[in-house]
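The block underneath contains the structure these notes are about, expressed in structure tokens.
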Amino acid sequence: MPEGHTLRRLADDLTAAFAGATVSASSPQGRFGTEAAVLDGTRLLAADAAGKHLFVEFEHDHVVHVHLGLIGGFAVTEGAAEVPPPVGQVRLRLVARTGPGRWSYADLRGATRCDLVTGARRDEVLAGLGPDPLRPDADPTRAWERVHRSARPIGELLMQQDVIAGVGNVYRAEVLFRQRIDPFRPGRTLRRSRFLAIWEDLVGLMADGVRLGRIDTVRPEHTPEAMGRPAREDDHGGEVYVYRRSGQPCLVCGTLVRTSPMAGRNLFWCGQCQRRFRSRAVQ
DNA sequence: GCGCCATGTATAG
DNA sequence: TATACCTGGCGCA
């Protein structure tokens, strides 16, 4: 689940559920026990996200730095009548009483990173990230400077968090399809306007992801209803052009979608729609 | 119930 | 490049 939109939602949900509240913090699993004890009984100020990183801010300059990795999850429940016992390996549990008989609680599981840090350390992490299409102050020029100097394929560059923060394997495949760009094309062969088109598309797609809580990338003319085709039924939910559709016909041209590993992950693309040096995007 | 794979990253070799 | 991390959904007995 976790690409940038997931972390943005999570930060918003945590802020809505806990901001300003004095929280109980614990580590039922034990691996975050010492740190949880430090936070226990202090006030949670807010949560924020940058790229795929989550920062939960407490008073006294305590910040919990979370990275969910591939399989992590942070389940936030607001306004529950009671708090159930933890299930599974809960690294961090936050609980706050939000009203008479009303509780918020959140359980963190499976994260690759859960560290108690300071605001200064958070700023270091932020400084190491490229611009995040979900943040209004993001400067795509910083990403462009990296891309247009690089001989690496654009499909790899989009996954590098120090180039663009928050893009994962789904958004990489989908934005390159929508912009009709060959994933193997070296970054330095892209014109600035083409890169900025990728960026603007990511801004819209990822904002949709935050709003909907899933990744939908097909244009209105390619929805199941518009095309009279069955909706996607796997666990990803969202309607997409190429991600995990290898061997199925391209929704635009009918050519079979291809797959091949790139940067250690499965890349998906249409060899017909995404021919090299083809320069016009789908409008 | 079991094995596999997955929207990610760090680290070892 | 391989593997560790360690959860959850799916296909398949």
Side-chain angles (χ1 to χ4, degrees), chain A residues 1-11 13 27-32 49-55 65-76 86-93 106-115 117 121 124-126 128-130 132-134 152-153 155-178 183 201-202 205-218 230-248 257 259-269:
Chain A
M1 320 216 187
E3 295 197 28
H5 68 301
T6 304
L7 279 298
R8 178 73 265 159
R9 274 177 78 91
L10 197 43
D13 288 351
S27 180
Q29 168 213 50
R31 283 180 55 189
F32 197 63
K52 299 169 189 169
H53 296 255
L54 174 70
F55 300 97
H65 174 206
V66 173
H67 196 296
L68 295 179
L70 185 60
I71 60 180
F74 207 160
V76 181
V87 175
Q89 297 282 305
V90 176
R91 179 97 56 96
L92 170 63
R93 165 169 272 197
D107 287 339
L108 175 68
R109 295 185 186 81
T112 50
R113 165 156 288 158
C114 177
D115 294 334
V117 300
R121 172 60 192 153
E124 285 177 17
V125 174
L126 293 178
L129 294 173
D132 177 346
L134 285 174
R152 305 179 77 84
E156 281 189 28
L157 291 164
L158 290 180
M159 297 284 278
Q160 280 182 234
Q161 300 299 300
D162 58 347
V163 175
I164 297 184
V167 174
N169 206 19
V170 185
Y171 284 124
R172 144 173 97 167
E174 294 299 308
V175 78
L176 289 174
F177 178 86
R178 285 168 54 101
D201 209 16
L202 285 170
L205 288 173
M206 294 175 74
D208 288 347
V210 173
R211 198 159 38 79
L212 300 171
R214 65 181 220 177
I215 300 178
D216 279 298
T217 62
V218 298
R232 194 177 173 101
E233 289 186 3
D234 62 26
D235 59 332
H236 310 99
E239 287 295 332
V240 293
Y241 284 106
V242 290
Y243 176 70
R244 293 241 275 187
R245 291 194 67 244
S246 53
Q248 298 177 55
V257 172
T259 187
S260 171
M262 177 185 279
R265 317 293 302 285
N266 291 322
L267 170 70
F268 303 87
W269 80 104

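Protein chains get the first letters and strands the later ones, always in sequence-line order, with residue 1 at the start of each. Because the structure is predicted, anything quoted here is derived from the model rather than measured.
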| query | Should the pair A:F55 and A:H65 be assigned to parallel (<30°), tilted (30 to 60°) or perpendicular (>60°) ring geometry? | reply |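 Ring orientation, 0 to 90° scale: parallel.
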| said: Would you say that A:D208 contacts A:D216 through its side chain, given a criterion of any heavy-atom pair below 4.5 Å between the two side chains? | reply: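 A side-chain contact under 4.5 Å is absent here.
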| How about A:R109 and A:Q89: do any of their side-chain heavy atoms sit closer than 4.5 Å? |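 In short, these two side chains do not touch, never coming nearer than 4.5 Å.
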To the nearest angstrom, how far is [X] atom [atom1] from [N] atom [atom2]?
X: A:I71; N: C:dC10; atom1: CD1; atom2: P; answer: 17 Å
X: A:N169; N: B:dG8; atom1: CG; atom2: P; answer: 6 Å
X: A:Q89; N: C:dG8; atom1: CD; atom2: P; answer: 10 Å
X: A:L267; N: B:dG8; atom1: CG; atom2: P; answer: 13 Å
X: A:Y243; N: B:dA6; atom1: OH; atom2: P; answer: 7 Å
X: A:R214; N: B:dA6; atom1: CZ; atom2: P; answer: 21 Å
X: A:I215; N: B:dA6; atom1: CD1; atom2: P; answer: 15 Å
X: A:M262; N: C:dT1; atom1: CE; atom2: C1'; answer: 16 Å

| query | Can any side-chain N or O of A:E3 pair as donor or acceptor with the backbone N or O of A:V170 at less than 3.5 Å? | reply |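 At least one qualifying donor-acceptor pair exists.
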| message | Test of understanding: with ring-ring contact (aromatic ring centres under 6.0 Å, His included), list the residues that count as partners of A:F32, not counting sequence neighbours. | response |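 Expected list: none.
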Taking only the [atom1] atom of each, what is the distance from [N] to [M] in whole angstrom?
N: C:dG8; M: B:dA10; atom1: C1'; result: 22 Å
N: B:dA6; M: C:dA2; atom1: P; result: 15 Å
N: B:dC5; M: C:dT3; atom1: P; result: 13 Å

| Of all residues at least two apart in sequence or in a different chain, which pass the side chain to side chain contact (heavy atoms under 4.5 Å, CB included) check with A:R121? |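 Partners of A:R121 under the side chain to side chain contact (heavy atoms under 4.5 Å, CB included) test: A:V117, A:T118, A:E124, A:V125.
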| message | Exactly one of A:E174, A:E239, A:R178 should register a side chain to side chain donor-acceptor pair (under 3.5 Å) with A:T217. Which one does? | response |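 So the option named by the test is A:E174.
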Could you go through nucleotides 9-13 of chain B and list every protein N or O atom that sits under 3.5 Å from one of its N or O atoms, giving the distance for each pair?
unit_1: B:dT9; atom_1: OP1; unit_2: A:H67; atom_2: NE2; d: 3.4
unit_1: B:dT9; atom_1: OP2; unit_2: A:K52; atom_2: NZ; d: 3.3

